[in-house]
Amino acid sequence: MRDFADRVKRLLVGRSVPSRAAGRTPLPKRIALPVLGADVLSSVAYAPDEILLTLAVAGLAATAVSPWVALAVAGVLLLVVASYRQTIHAYPSGGGDYEVVSKNLGQRAGLMVASALISDFVLTVAVSISSAAGYLVAAVPALATHRVEIAVGIVTVLTLMNLRASRGPGRGAALPAYLYMGAIGVMAVVGAFQELTGTLGRAPSAAYEVVAQSGWDQGLTGLAGAFLVLRAWSCGCAALTGVEAIPGGVPSFQRPKASNAATTLLLLGVIAAVMLIGVVHLAGAVGVHMVDNPATDLLDAGAPLGEDYHQYPVIGQVAAAVFVGFPPMFYLVTLTTGLILVMAARSAFKGLPVLTGTLSGKEFLPRRPSKRGDQPDARGAMVLWVGAIAFIVGFQANTNRLIQLYIVGVFICFTLSQMGMLRHWNRQLSTATDPVGRRRMRRSRLINGMGVVGTGAVLVIVLLTEFTRGVWIAVAVIALLYLVMTGIHSHYRRFGDQVAIDDSSDALPAPAHVHAIVLVSRLHRPALRALTYALSTQPRSIEAVTVDTGDGVAQGLLDDWEHAELPVPLTILDSPYRDVTGPIVSYVRSLRRESPRDLVVVFLPEYLVRHWWQRALHNRTALPLKAALLLTPGVVVASVPWRLGLPGQTYIHQGLRITAPRGITDTDGANRTPPPTAQAAQATSDHPHLRTTPQENA
């Protein structure tokens with residue numbers, strides 16, 4: 001069974017990876033930008049959808065402000081980029097959000113960020129793959145009714161790929177990102193040229209009328225309209241997701257690491273901001289209409305479109321309008337967009353093991369085993385697979401609904417990280433004396449302070465406007481993760497206190513006597529091997545114990561025992577209810593009550609089978625007994641293995657062929673019976689050859 005399981009494991013996770021091969025190859029900026037920035041670049045694929053969907057609540061006229069909302073989102077994006085550049089210079093060793101917050105705001109705040117990050121990794125996969133499935137459907141409309149199945153399939157394939165991946169992404173992973181940026185760039189340039197020349201086409205949804213929801217007939221007028229614009233701005237800030245990846249991945253860069261990372265982050269922020277503004281502007285120019293419920297909120301000649309209509313993503317509709325006469329370019333845009341979304345999901349498979357490894361080292365998660373030859377990403381990949389599929393199926397691969405859950409964790413991390421940087425600069429300023437250095441610190445503190453205001457505002461707006469629309473689920477998941485990790489840490493702390501050696505205390509008291517019990521059901525070679533092992537430990541007293549369930553087996557064992565004349569007394573426990581475990585546990589506990597300072601060692605014969613299916617045929621009694629006895633204080637359980645199908649050495653005892661441990665032979669090589677020790681002989685004289693102990697069922 002073990003060999004079969006190992007073959008399956010190797011098939012799934014590949015060969016074991018030596019420690020020296022588990023490191024990362026330093027990345028140049030041209031490779032680090034698409035690899036570490038895939039999440040930010042991919043967010044352009046769904047952030048415009050969120051802006052248009054939110055504004056469409058107030059009708060078609062409200063979508064006219066979408067370019068201004070996109071401009072505001074780009075402003076926050078560049079502000080966050082500037083803030084994280086200060087983090088890179090302050091923590092050149094790779095100060096991720098968890099490290100920054102833990103060092104500056106304390107363990108509890110750091111653990112909250114860690115909980116939000118774990119939630120975000122799962123939602124990154126769910127959101128990115130759901131959006132990727134949407135773009136695949138845009139390229140192949142016949143697949144529209146299978147969007148959930150497609151998303152689940154992509155997550156599964158991605159998980160299997162990451163189970164076997166032993167190295168981080170490199171040049172091969174950068175190519176799709178550059179194709180994506182190039183395709184979007186070409187679309188923006190061609191679309192702008194067509195707009196200037198008056199040849200720009202119309203989106204597939206441009207002919208439909210947008211129905212304002214109840215209470216929004218007056219558009220964006222009044223305080224409610226301003227609040228809706230703020231809500232659209234906060235939803236569009238999904239474009240900021242993944243900015244923290246580069247500050248946390250500074251060690252992955254070539255030297256000078258901090259300088260290269262800061263430059264890469266600035267380039268990434270500018271590229272993402274330009275792409276977002278360009279896509280939103282073109283969406284308005286080609287007349288893209290996006291609504292939350294297209295079956296009822298889009299009208300064709302006054303009639304609802306119905307459930308048969310499938311709404312495609314913004315970039316897909318813009319590409320269809322710009323490249324209306326050149327389908328290959330439309331397919332290139334949609335497929336590369338879907339591919340960058342898959343790359344963003346893959347970044348979660350690389351980031352989660354790093355975070356969980358840090359948390360395991362600090363005992364907030366179960367400790368990792370010392371022997372870790374398998375891929376370090378394997379366990380994290382399975383967690384992401386289960387969590388992402390749960391969200392995809394639960395929300396029917398609806399990117400708009402999943403985004404609301406995603407933004408909360410992202411901006412909790414942003415806000416607390418910037419607050420931690422404020423504390424960092426205040427602490428540095430309290431000891432710095434160099435005027436130039438103090439001016440630089442004050443400038444960095446100002447930038448991080450502005451970052452706190454910007455990200456904090458987004459977080460508050462999301463919590464106020466989207467809490468009942470699903471955000472409460474993300475909050476509950478983050479709170480649950482926080483409580484679980486706190487509980488694990490508390491357990492490890494109590495465990496350390498209990499097992500720690502106190503220099504002021506006396507040595508642990510040794511047991512007064514050792515009483516050995518050998519559990520037998522019939523007289524055979526495994527039972528005799530257990531007896532031999534028990535005698536070799538030289539206990540103060542020893543006995544064999546069996547249970548009489550009324551089927552005559554115990555009487556047969558007694559007859560065999562008398563015939564063999566073994567130097568160990570046999571105790572028979574009566575079990576009127578045909579239970580085996582209860583009487584033995586009760587008997588062992590009675591020995592402990594009679595002599596609390598004695599140590600009871602129970603020797604349990606156990607079969608080792610050669611094939612996995614044989615496990616169902618053996619050890620049906622041994623395993624429950626072992627589990628029950630291990631919970632009894634003052635009792636040690638010693639398993640005496642007997643491997644089926646493997647011949648062993650034998651020796652002669654009273655005419656019986658008895659299996660002997662390796663090495664028990666006379667000097668002339670003849671097999672012999674090990675004589676009972678003095679303690680065992682004395683124990684034999686203290687007990688009758690047969691002692692029957694009636695025992696009620698425990």
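None of the values given here were measured: they were computed from a predicted structure.
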> Between Tyr180 and Leu339, does a side chain to side chain contact (heavy atoms under 4.5 Å, CB included) hold up when you go through it step by step?
Replying inline: CA-CA 8 Å; Tyr180 163 72; Leu339 195 56; over 6 Å; no
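- Minimum heavy-atom separation, Ala388 to Val155: CB-CG1, 4.3 Å.
- Here the shortest heavy-atom pairing between Arg147 and Ser130 reads NH2-O, 3.2 Å.
- The shortest side-chain heavy-atom distance between Gln311 and Leu53 falls under the 4.5 Å cut-off.
- Taken to the nearest 0.5 Å, the CG atom of Leu384 stands 7.5 Å off from the OG1 atom of Thr159.
- Side-chain contact between Ile403 and Thr399: present, with at least one pair of heavy atoms (C-beta onward) separated by less than 4.5 Å.
- Checked by atom type and distance alone, the side chain of Thr197 pairs as donor or acceptor with a backbone atom of Gln194 at under 3.5 Å.
- A search for ring-ring contact (aromatic ring centres under 6.0 Å, His included) contacts involving Phe414 returns Tyr84, Phe411, not counting sequence neighbours.
- Here the CD atom belonging to Glu209 is positioned 10.5 Å from the CG atom belonging to Leu305, to the nearest 0.5 angstrom.
- Contact annotation: the side chain of Asp120 approaches that of Tyr406 to within less than 4.5 Å [non-hydrogen atoms, C-beta and beyond].
- A donor-acceptor pair is defined here as one N or O able to donate and one able to accept, closer than 3.5 Å; such a pair exists between the side chain of Thr54 and the backbone of Glu50.
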> After noting the C-alpha distance and the side-chain angles of Met275 and Leu41, does the key distance pass the side chain to side chain contact (heavy atoms under 4.5 Å, CB included) rule?
Replying inline: CA-CA 9 Å; Met275 290 173 63; Leu41 295 172; 4.3 Å; yes
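- We find the CG-CD1 distance between Leu33 and Ile246 to be 6.0 Å, quoted to the nearest 0.5 Å.
- Residue Met181 places its CE atom among more than 12 non-hydrogen atoms of other residues, nucleotides or ligands, all under 6.0 Å distant.
- For Arg202 against Ala285, the heavy-atom pair with the smallest separation is NH1-O, 3.2 Å.
- By the 4.5 Å heavy-atom criterion applied to side chains, Leu405 and Val471 are not counted as neighbours.
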> Can you list the steps and then say if Arg108 with Met112 is a side chain to side chain contact (heavy atoms under 4.5 Å, CB included)?
Replying inline: CA-CA 6 Å; Arg108 293 184 177 179; Met112 182 179 296; over 6 Å; no
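- Side chain of Thr334 to main chain of Tyr331: a donor-acceptor pair is present (N/O by atom type, distance under 3.5 Å, no hydrogens or angles).
- Between Thr241 and Val40 the shortest side-chain heavy-atom distance does not fall below 4.5 Å.
- For Phe193, the CZ atom sits in a loose shell: 12 or fewer heavy atoms of surrounding residues, nucleotides or ligands are nearer than 6.0 Å.
- Distance OG/Ser66 to CG/Leu55: 6.5 Å, rounded to 0.5 Å.
- With a 6.0 Å radius and a threshold of 12 heavy atoms from other residues, nucleotides or ligands, Arg427 has its CZ atom above the threshold.
- Met450 CE: 12 or fewer foreign heavy atoms inside a 6.0 Å radius.
- Of all heavy-atom pairs spanning Cys237 and Val458, the tightest one is SG-CG2, 3.8 Å.
- A heavy-atom distance below 4.5 Å is found between the side chains of Leu265 and Ile88.
- Once rounded to the nearest 0.5 Å, the distance linking CD1 of Ile412 with OG of Ser115 reads 9.0 Å.
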>> Working note: Val314 + Leu52, criterion side chain to side chain contact (heavy atoms under 4.5 Å, CB included); need CA distance, chi angles, decisive distance, verdict.
In response: CA-CA 9 Å; Val314 167; Leu52 294 177; 3.8 Å; yes
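- Side-chain atoms of Asp49 and Asn400 form no donor-acceptor pair, as typed in the model, at a separation below 3.5 Å.
- The backbone N or O of Val211 sits nowhere less than 3.5 Å from a side-chain atom of Asp297 that would complete a donor-acceptor pair.
- Residues Gln317 and Ser205 have side chains that bring a donor and an acceptor to within less than 3.5 angstrom of each other.
- Looking at Arg423, its side chain never comes within 3.5 Å of a backbone N or O of Leu105 through a donor-acceptor pair.
- Residues Leu402 and Phe391 are in side-chain contact: their nearest non-hydrogen atoms beyond the backbone lie under 4.5 Å apart.
- Ring geometry for Tyr91 against His424 counts as tilted: the plane angle lies between 30° and 60°, on a 0 to 90° scale.
- Side-chain N or O atoms of Ser131 include none that pairs as donor or acceptor with a backbone N or O of Val127 at under 3.5 Å.
- In plain terms, the two heavy atoms of Gly110 and Val101 that are nearest each other are N-CG1, 3.5 Å.
- Under the side-chain contact (heavy atoms from CB on, under 4.5 Å) test applied with Val113, the options Ser417, Ser102, Cys413 reduce to a single match, Cys413.
- Side-chain contact check for Gln404 versus Cys235: some heavy-atom pair is nearer than 4.5 Å.
- Put simply, CG on Leu463 and CD1 on Ile407 are 10.5 Å apart, with the number rounded to the nearest 0.5 Å.
- Between Ala138 and Tyr312 the shortest heavy-atom distance is CA-CD2, 3.8 Å.
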